Amino acid sequence: MTSLSTRRLRDEARIVWYSAKLLAGRRFYVAVFVPLLWPALQALLLLAGGQEDIRPESVQGGLIGLPLSCLAVFLGMRVIAGESDARRLEIAYTVPGGSQRVWLGKLLAGLGILLAAEALLALVAWAFFTSYPPGSLYGAAQAATVYLVLSMGLAALFRSEVTGAMTSAVVLLLGVANSQTRFSPFYNPAAVRDEDASVLLAHTVQNRIGFALLIAALTALAFTRAERREKMLAG
């Protein structure tokens, strides 16, 4: 029984590994390091005197969340629409167990890449910029996951990676611009000033639970859209 469970886990891990290659190319691990270009740019601006020092409350959105969410948009657009653009959609519908195994494998691979990238960004931010509240990591991961599934859903809706990414980018900019409201995935309670502690806690709980439900809903809608074979294969 134990041997069977181990073999099954190994098979699932292999699926996620190959899904990562489909999602971000044969050298998918390179994608983990791409977001580090952003803190490198911030460091150069600091050395040149082009901006003020980064404060702890700015780490969640400005240093970790933003580059992570940009990577999430790129990965999300390729989960479902990538198969359509590569003319592999018909093959996905013939996979034993259903095409949802393909979408789920690629989605898990995308989450794995994002978590690895966040770990690197977190280390760089702590070592070279400033310390920050541990909750900042959850907030950045929340924002990235929202844009991962949003990009996945919009790309599936429009059956185009580019259109899905462009639409998601607009929503991303809106989220960044309104990051201080609890209706933004970038909401950071550590950056809120002059707010009663009980109100701040309520807003934080509402934000975290609300976006967890939104992530689940967007994922379900994207998978439902992908299962409409006639629509996806049309044209």
Side-chain angles (χ1 to χ4, degrees), residues 32 34-46 50-76 110-154 165 167-219:
V32 174
V34 172
L36 294 180
L37 295 174
W38 179 250
L41 175 61
Q42 299 303 304
L44 289 175
L45 290 175
L46 284 172
Q51 68 175 28
E52 298 179 356
D53 291 341
I54 293 176
R55 296 174 295 177
E57 60 269 23
S58 303
V59 171
Q60 175 180 312
L63 199 59
I64 298 179
L66 181 58
L68 203 64
S69 296
C70 291
L71 176 61
V73 169
F74 168 77
L75 295 174
L111 286 171
I113 291 172
L114 288 177
L115 289 176
E118 183 178 27
L120 288 177
L121 285 168
L123 289 173
V124 169
W126 190 281
F128 297 102
F129 292 92
T130 181
S131 59
Y132 50 86
S136 298
L137 297 180
Y138 181 87
Q142 171 183 275
T145 306
V146 167
Y147 290 109
L148 174 70
V149 297
L150 178 66
S151 179
M152 175 181 69
L154 289 174
T167 312
S168 300
V170 173
V171 181
L172 172 60
L173 291 176
L174 292 174
V176 173
N178 299 280
S179 60
Q180 290 306 98
T181 69
R182 67 183 186 277
F183 304 107
S184 170
F186 285 98
Y187 178 70
N188 182 9
V192 177
R193 296 286 182 267
D194 303 323
E195 188 74 84
D196 184 76
S198 60
V199 175
L200 182 62
L201 177 61
H203 287 178
T204 303
V205 171
Q206 291 170 7
N207 176 269
R208 301 316 191 220
I209 294 178
F211 277 102
L213 294 174
L214 180 63
I215 289 168
L218 288 174
T219 302

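None of these values were measured; they are calculated from a predicted model. If you read the sequence from its start, that first residue is 1, and numbering goes on from there.
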- State whether the side chain of Trp38 and the backbone N or O of Leu68 hold a donor-acceptor pair below 3.5 Å, judged by distance alone. no
- Item | Heavy-atom side-chain contact between Phe129 and Val59 under 4.5 Å | no
- Message: Tell me which pairs pass side chain to side chain donor-acceptor pair (under 3.5 Å) where either residue lies in residues 129-144, with sequence neighbours left out.
- Response: Gln142-Asn207
- Can you name the nearest heavy-atom pair linking Ala122 to Ile64, along with the distance? CA-CD1, 4.0 Å
- Task: Please answer whether the main-chain N or O of Ala165 pairs with a side-chain N or O of Ser151 as donor and acceptor at a distance below 3.5 Å.
- Result: no
- Message: Run the side-chain hydrogen bond (donor to acceptor under 3.5 Å, both in side chains) test against Gln206 and tell me which residues pass, sequence neighbours left out.
- Response: Arg182
- Heavy atoms of Ala144 and Ala72 approach each other most closely as O-CB, 3.1 Å
- Spatial distance of atom CZ (Arg193) from atom CG (Leu200) [nearest 0.5 Å]: 10.5 Å
- Note on the structure: Leu120 meets the side-chain contact (heavy atoms from CB on, under 4.5 Å) criterion, sequence neighbours left out, with Val32, Phe33, Leu36
Please tabulate, for the side chains in residues 111-119, all donor-acceptor contacts under 3.5 angstrom to protein atoms that are two or more places apart in sequence or on a different chain.
none

- Query: Is any side-chain heavy atom of Pro67 closer than 4.5 Å to a side-chain heavy atom of Leu37?
  - Reply: no
- Message: With rounding to the nearest 0.5 angstrom, report the OG to CG distance, Ser184 to Asn178.
- Response: 6.5 Å
- Item | Spacing of Leu154 atom CG and Thr167 atom OG1 [to the nearest 0.5 Å] | 5.5 Å
- Note on the structure: For Asn188 and Glu57 the tightest heavy-atom approach is ND2-O, 2.8 Å
- Item | Least distance between heavy atoms, Ala143 atom then Pro185 atom | CB-O, 3.7 Å
- Note on the structure: On a heavy-atom basis, the closest approach of Leu148 and Gly110 is CD2-C, 4.5 Å
- Note on the structure: Hits for side-chain hydrogen bond (donor to acceptor under 3.5 Å, both in side chains) against Arg208, two or more places apart or cross-chain, chain-then-number order -> none
- Message: Applying ring-ring contact (aromatic ring centres under 6.0 Å, His included), can you list everything that pairs with Tyr147, at least two apart in sequence or on another chain?
- Response: Phe186
- Query: Roughly how far, to the nearest 0.5 Å, is OG1 of Thr181 from NE2 of His203?
  - Reply: 10.5 Å
- Taken to the nearest 0.5 Å, the spacing of Leu41 CG from Leu46 CG works out to 9.5 Å
- Note on the structure: Taking every heavy atom of Leu121 against every heavy atom of Pro35, the minimum-distance pair comes out as CD2-O, 3.7 Å
- To the nearest 0.5 Å, what is the distance between CD1 (Ile54) and CG (Leu45)? 9.0 Å
